Amino acid sequence: MKITVINSSPRKKGVTSSLLHSLTNGFNDAGAIFEVYNLYEMNIKYCDGCFQCWYKHQGTCKFHDSFNEIYNTMIQSDLIVIASPIYGMMINGMLKSFLDRVSMVSHLPDFIIDEHSKKMVKPMYDYLPPIAILMVGNMSGREIFDAATLFFTEYFRITNAELRVIMLRHQSELLIRPILEDVKSKVFGAMRQAGFELVKEGIVKPNTLKQIEQDLLEIDKFIEGHNMFWKICTRKKIAPMNVEFDKYPFLKI
């Protein structure tokens, strides 16, 4: 099995990348071959709406950049994994720009009516393989993913791709803090199991998904710890990933 992994997080050691590392360990366990693309390390131009991929050289973008390498790998894969942190209640701009390019070059300009949903879809030049989504949000509550979930659902509907699973990880800032080590271990272990299940069974089992998405703290405790954490970051002018937790034991909750 061949898998293309697309990571839109700009942080090499952030939560999104750490969760993806566990997921790809599961791919390894299952004997899959995978390629990870970190979008912020790639040269990918914005779609400028020229429509040349429709009227001039159909199915091919005029830009010669890293997009073409990633796209060619995607359409030859058996599964695509897309991971994004939540920025402003939505996927981040780099991923949206990348998907703009995918949606243009992947389908013909014609619309047709899907007989099942009775909604408009577009015939494809290249059919995309099944999709698995991972979204990571700092805030507490699954509602922070609602807009992005709707976007992904409609995006892959119109591009005729099967959306296999959406994995949501809220309260993500807790995964970089020295607290709740047993719970965090279960989350990362479940991500590894999810990778194994995607390869071997094509799905993520409900119990595995539940472990990935479990609450790490009650919301009142999360808010209390979050506010203390950010007071230290702003007063000391420290980036959150550089906080030395040993100096602030009360942050360990």
Side-chain angles (χ1 to χ4, degrees), residues 1 3 5-32 34 36 38 79 81-86 132-145 149 164-230 232-233 238-253:
M1 184 176 190
I3 304 169
V5 181
I6 298 169
N7 177 22
S8 70
S9 174
R11 297 181 181 176
K12 293 182 179 180
K13 296 183 180 180
V15 177
T16 305
S17 299
S18 296
L19 290 169
L20 274 181
H21 181 69
S22 293
L23 188 74
T24 56
N25 280 340
F27 296 158
N28 272 325
D29 295 341
F34 62 90
V36 179
N38 297 301
L79 177 72
V81 175
I82 298 175
S84 177
I86 292 295
I133 301 292
L134 169 64
M135 288 188 279
V136 178
N138 186 41
M139 296 169 63
S140 186
R142 289 164 184 80
E143 64 274 8
I144 65 175
F145 303 108
T149 297
R164 286 273 175 91
V165 64
I166 297 179
M167 297 171 281
L168 309 175
R169 180 59 265 166
H170 72 135
Q171 298 183 340
S172 65
E173 72 173 41
L174 298 178
L175 294 176
I176 64 170
R177 292 166 60 178
I179 61 171
L180 307 170
E181 293 297 340
D182 57 332
V183 178
K184 287 160 56 177
S185 177
K186 290 179 181 178
V187 171
F188 285 107
M191 283 299 304
R192 185 168 188 159
Q193 180 64 23
F196 184 86
E197 291 172 0
L198 280 168
V199 174
K200 292 297 186 181
E201 304 185 41
I203 61 168
V204 177
K205 293 180 179 179
N207 187 60
T208 304
L209 196 60
K210 183 178 179 181
Q211 290 293 316
I212 292 169
E213 299 182 349
Q214 65 181 291
D215 295 344
L216 302 181
L217 275 181
E218 299 87 349
I219 189 168
D220 55 340
K221 291 183 179 179
F222 174 83
I223 291 173
E224 178 185 1
H226 172 90
N227 291 345
M228 286 192 297
F229 178 67
W230 279 99
I232 290 171
C233 291
I238 305 171
M241 63 286 295
N242 294 330
V243 172
E244 298 180 52
F245 288 96
D246 288 341
K247 293 183 178 180
Y248 310 102
F250 54 86
L251 287 178
K252 297 182 180 181
I253 307 180

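Note that the structure is predicted; figures quoted are calculated from it, not measured.
- Partner of Phe34 under the side chain to side chain contact (heavy atoms under 4.5 Å, CB included) criterion, out of Val81, Val199, Asn28, Leu79: Asn28 alone.
- Across every non-hydrogen atom of Phe222 and Glu173, the tightest pair is CE1-CG, 4.1 Å.
- A distance of 9.0 Å separates CD1 in Ile203 from CZ in Arg164, rounded to the nearest 0.5 Å.
- Minimum interatomic distance between Ala194 and Met167 (heavy atoms only, all atoms of both residues): CB-SD, 4.2 Å.
- Ionic pairing of Lys184 and Glu181 is present here: one or more N-O contacts between side-chain nitrogen and carboxylate oxygen are shorter than 4.0 angstrom.
- A side-chain donor-acceptor contact under 3.5 Å links Gln171 and Ser140.
- For the pair Thr16 (side chain) and Ala83 (backbone), a donor-acceptor distance under 3.5 Å is absent.
- If you take CD1 on Ile86 and OG on Ser172, they are separated by 10.0 Å, rounding to the nearest 0.5 Å.
- Thr149 OG1 to Ile133 CD1: the interatomic distance, rounded to the nearest 0.5 Å, is 9.0 Å.
- The structure places CD of Glu201 at 9.0 Å from OG1 of Thr208, a figure rounded to the nearest 0.5 Å.
- Proximity of Leu19 to Val187: side-chain heavy atoms (C-beta onward) are separated by under 4.5 Å at one or more points.
- Judged by distance alone, with hydrogens and angles left aside, the side-chain atoms of Arg169 form no donor-acceptor pair with the main-chain N or O of Met135 at under 3.5 Å.
- With a 4.5 Å cut-off on side-chain heavy atoms, Arg192 and Phe27 do not count as touching.
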* Are His21 and Asn25 close enough, and set up right, to give a side chain to side chain contact (heavy atoms under 4.5 Å, CB included), and what steps lead you there? -> CA-CA 6 Å; His21 181 69; Asn25 280 340; 3.6 Å; yes
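- Residue Ile144 holds its CD1 atom at 8.5 Å from CG of Leu168, rounded to the nearest 0.5 Å.
- Ser17 and Asn7 are linked by a side-chain donor-acceptor pair at a separation below 3.5 angstrom, with hydrogens and angles left out of the test.
- Scanning both residues, Met191 and Ser22, for their nearest heavy atoms gives CB-CB, 3.8 Å.
- The closest side-chain heavy-atom distance from Ser84 to Ser9 is not below 4.5 Å.
- Within a 6.0 Å radius of CE in Met139, no more than 12 heavy atoms belonging to other residues, nucleotides or ligands are found.
- Atom CZ of residue Arg11 and atom OG of residue Ser18 lie 11.0 Å apart, to the nearest 0.5 angstrom.
- Taking all atoms of both residues into account, the shortest heavy-atom contact from Met1 to Leu198 is CE-O, 4.0 Å.
- Between the side chain of Gln214 and the main chain of Gln211, a donor-acceptor pair closer than 3.5 Å is present.
- Looking only at side-chain heavy atoms (C-beta outward), Leu209 and Lys205 stay at 4.5 Å or farther from each other.
- The two residues Gly141 and His170 make their nearest non-hydrogen contact at N-ND1, 2.7 Å.
- Annotation: side chain of Leu217 is in contact with side chain of Leu174 (closest heavy-atom distance under 4.5 Å).
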* side chain to side chain contact (heavy atoms under 4.5 Å, CB included) assessment of Leu134 paired with Leu23 -> CA-CA 10 Å; Leu134 169 64; Leu23 188 74; 5.8 Å; no
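- Using a cutoff of 4.0 Å between basic side-chain nitrogens and carboxylate oxygens, Asp215 and Arg142 are scored as salt-bridged.
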